[in-house]
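Let me begin by presenting the structure, written as structure tokens, before commenting on it.
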Amino acid sequence: MGNFAANEGLSIFVILVWLGINVFLFVYFYLAFLIERYYYTRVILGHALSWARAPAACLNFNCMLILLPVCRNLLSFLRGSIQYCSRTAARQLDRNLTFHKLVAYMIAFHTAIHIIAHLFNFERFMDSQLMINSSYLPYVLSQMGNNDNRSYLNPIRTNETNPTIVMFTTIAGLTGVVITLALILIITSSMEVIRRSYFEVFWFTHHLFILFFIGLVLHGVGRIVRGQTLESVKVHNPDECHSQFETWGKNGTNCPEPVFAGNPPMTWKWVVGPMILYVCERLVRFYRSQQKVVITKVVMHPSKTLELQMKKKGFKMEVGQYVFIQCPSISQLEWHPFTLTSAPEEDHLSVHIRIVGDWTQALYTACGGDKTVVMDAWTLPKVAVDGPFGTASEDVFRYEVVMLVGAGIGVTPFASVLKSVWYKHVQENKNVFTKKIYFYWLCPETQAFEWFADLLQSLERQMMEKDISDFLSYNIYLTRWKDAEAAHFRVQYEAEDDPITGLKQKTLYGKPNWDNEFSAIATQHPGSKVGVFLCGPMALATALGKQCISHTESGTEFIFNKENF
């Protein structure tokens, strides 16, 4: 329970507070439209009025939140500020995309309720216009305001129309259609299969959020939700006067005609702050994208992995951070995130890019990946770099014991960490708080090891020379192999160096037994806080998350951290 609270306690508290605010807003605004001011509106619409307004309030709240988790510069600033006070609070910022998705699902949920309720409302507004009967109160209410300078209650002012026409000829209807279509496209294109396989589709449709917010702000301008004015309620009590509607406004009656007015638009008050923050965020990104970046070295690694080494004036980074890269010759609009594989101690920044899509393939070609001759520096494409931005890996050196787990190309943030470790020991930095690092790399193919093996070999030699080989314990796992490779591995297994990586430490085959690994580390470091850092697939994250919660041997506390882009 202690490990669960340490890993998930604050996250669950934040989610419960968020859900509680949603429930409060829904109930509060549902009841707010059951007061006497809206009595006559409910005569026409029934409780569908409250069912439309309550989710609208929740939509305002969640649309206020939806942009904040993607303000990367704001999050990096908050992370840098908070982590000095509370590492647990800073870790919540690493789950920004998870919260962004939760808020998006809540927006979709409340949008569905809002739309269904308003479909009933429009149908009832229409029916009250068509029911020509002067002794029928909804019809009488719908006819009010037909003369000049008179207030009205029913926004449908004629019986010679239908809900479809109203939907496309009113501000509320038209903006509602735009908002709904934009939301459907944004959510459907955000599915994992589309985002991974067709990133450009995801990228472009996500920018429909601009139309979404414009429509959202304008949606209430038409003021279709109307009720009695406060002054009218004082002289015309609906509870007493509703049964006397045939004599309203006549001499000798105590019930003058009710006066109605629309509610002023409120959405802009909720979203204007986050919208200004997001505009500032984009201006900062634009400014940084205009700063000159020079590609100093291009390396083509096996298994189609491209390494770019670059220089940018004034660029400062921490271990494990990431940047967004744009290549104008490929696309003026697309920015893609990549983890920095360079260390803060180096005079350049580097990224390793696996070629898996159209954009990365185009960059590979532009950098001469498909050519055998060396390209001149001036022929290399221009790139723009935005960042760096903070991630969970920034906290590596804040733990005394650390587990680093990378899967495939997910090893990239730990390249930065291990390089920094190497530099710290070369420079004999005595201020390193971390005393032990356990490194696990799971890879499905032998070629992928090659680009990272040089770094590991340098680290291995350095640790042996300084007699601190116990500082870094690394375990490399090959999860898939061919029969021919297996035969070669068996023959070479007795060799001094590993046949795959060239390291003294032998490559392991299959997948780690995480239960045994966590138990061994807990026993080895009783009473310690162990930082577990993962860059890999969700299935592995789930498995490691469960291990962090379940292992409490010797008072050891495992704190789980995962990279999110």
Side-chain angles (χ1 to χ4, degrees), residues 62-63 65-72 95-109 111-112 115 175-216 275 278-279 281-282 285-286 289 304-306 308 322-339 351-367 369 381-387 389 407-410 412 535-539 541 563-565:
N62 286 286
C63 289
L65 298 177
I66 192 71
L67 289 177
L68 298 179
V70 291
C71 290
R72 297 191 292 265
R95 304 182 180 185
N96 59 315
L97 294 184
T98 300
F99 186 65
H100 178 72
K101 293 173 186 176
L102 286 175
V103 173
Y105 295 145
M106 187 66 79
I107 288 174
F109 173 71
T111 298
I115 290 171
T175 55
V177 170
V178 170
I179 291 170
T180 304
L181 289 176
L183 187 63
I184 290 171
L185 289 171
I186 289 170
I187 290 179
T188 53
S189 66
S190 300
M191 292 189 298
E192 188 76 9
V193 62
I194 294 177
R195 191 164 59 88
R196 294 292 182 187
S197 303
Y198 306 97
F199 184 83
E200 292 80 4
V201 174
F202 161 77
W203 180 262
F204 288 118
T205 54
H206 235 62
H207 281 76
L208 290 173
F209 83 91
I210 299 171
L211 284 179
F212 178 88
F213 273 91
I214 291 172
L216 193 68
M275 288 172 71
Y278 190 78
V279 169
E281 166 85 14
R282 296 307 288 253
R285 293 186 198 176
F286 176 77
S289 70
K304 296 202 79 174
T305 298
L306 172 70
L308 294 182
Y322 69 98
V323 294
F324 275 77
I325 294 180
Q326 178 211 40
C327 183
S329 62
I330 299 174
S331 172
Q332 290 283 348
L333 299 176
E334 289 184 54
W335 291 81
H336 294 259
F338 298 100
T339 304
V351 293
H352 284 70
I353 302 170
R354 188 158 58 98
I355 313 306
V356 291
D358 294 340
W359 188 90
T360 52
Q361 181 61 52
L363 182 65
Y364 182 78
T365 302
C367 291
K382 291 183 178 180
V383 295
V385 173
D386 182 25
F389 302 107
I409 198 67
T412 49
C535 188
M538 188 54 65
E563 299 291 322
N564 289 294
F565 299 105

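Considering all non-hydrogen atoms of both residues, Thr180 and Gly176 come closest at OG1-O, 2.7 Å. Here the closest non-hydrogen pair linking His336 and Phe338 is O-CD1, 3.4 Å. In this structure, Cys63 and Ile107 approach most closely via the heavy-atom pair SG-CD1, 4.0 Å. Contact detail for Pro381 and Ala366: the closest heavy-atom pair is CD-O, 3.5 Å.
A cation-pi arrangement is present between Arg72 and Phe324 under the rule of less than 6.0 angstrom and at most 45 degrees off the ring axis.
Side chains of Phe99 and Leu65 form a contact here, defined as non-hydrogen atoms less than 4.5 Å apart. Side-chain contact between Leu97 and Pro69: absent, with no pair of heavy atoms (C-beta onward) separated by less than 4.5 Å. In this structure the side chain of Val70 never reaches within 4.5 angstrom of the side chain of Asn96, judged on heavy atoms. No side-chain heavy atom of Arg354 sits less than 4.5 Å from a side-chain heavy atom of Thr360. Annotation: side chain of Ile325 is in contact with side chain of Val351 (closest heavy-atom distance under 4.5 Å). Contact annotation: the side chain of Leu68 never approaches that of Tyr278 to less than 4.5 Å [non-hydrogen atoms, C-beta and beyond]. At least one side-chain heavy atom of Leu306 sits under 4.5 Å from a side-chain heavy atom of Leu363. Contact of the Leu308 side chain with the Cys367 side chain is registered, since non-hydrogen atoms from C-beta on lie closer than 4.5 Å.
The salt bridge (charged side-chain N to carboxylate O under 4.0 Å, His left out) contacts involving residues 178-192 comprise Glu192-Arg195, Glu192-Arg196, where partners must be two or more places apart or lie in separate chains.
The distance from atom CZ of Phe286 to atom CD of Glu281, rounded to the nearest 0.5 Å, is 14.5 Å. With rounding to the nearest 0.5 Å, the separation of CG in Leu183 from CD1 in Ile115 is 8.0 Å. Rounded to the nearest 0.5 angstrom, Met275 CE and Ile214 CD1 are separated by 7.5 Å.
Counting heavy-atom neighbours within 6.0 Å of Phe209 CZ, excluding the residue itself, gives a total above 12.
Between His206 and the choices Phe204, Trp203, Phe202, the ring-ring contact (aromatic ring centres under 6.0 Å, His included) rule is met once, by Phe202.
Using modelled atom types, no side-chain atom of Glu334 and backbone atom of Trp359 make a donor-acceptor pair closer than 3.5 Å.
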Assess the residue pair Phe212 and Leu216 against the criterion (side-chain contact (heavy atoms from CB on, under 4.5 Å)); give the C-alpha distance rounded to whole Å, side-chain angles, the decisive distance to 0.1 Å, and a yes or no. CA-CA 6 Å; Phe212 178 88; Leu216 193 68; 4.2 Å; yes
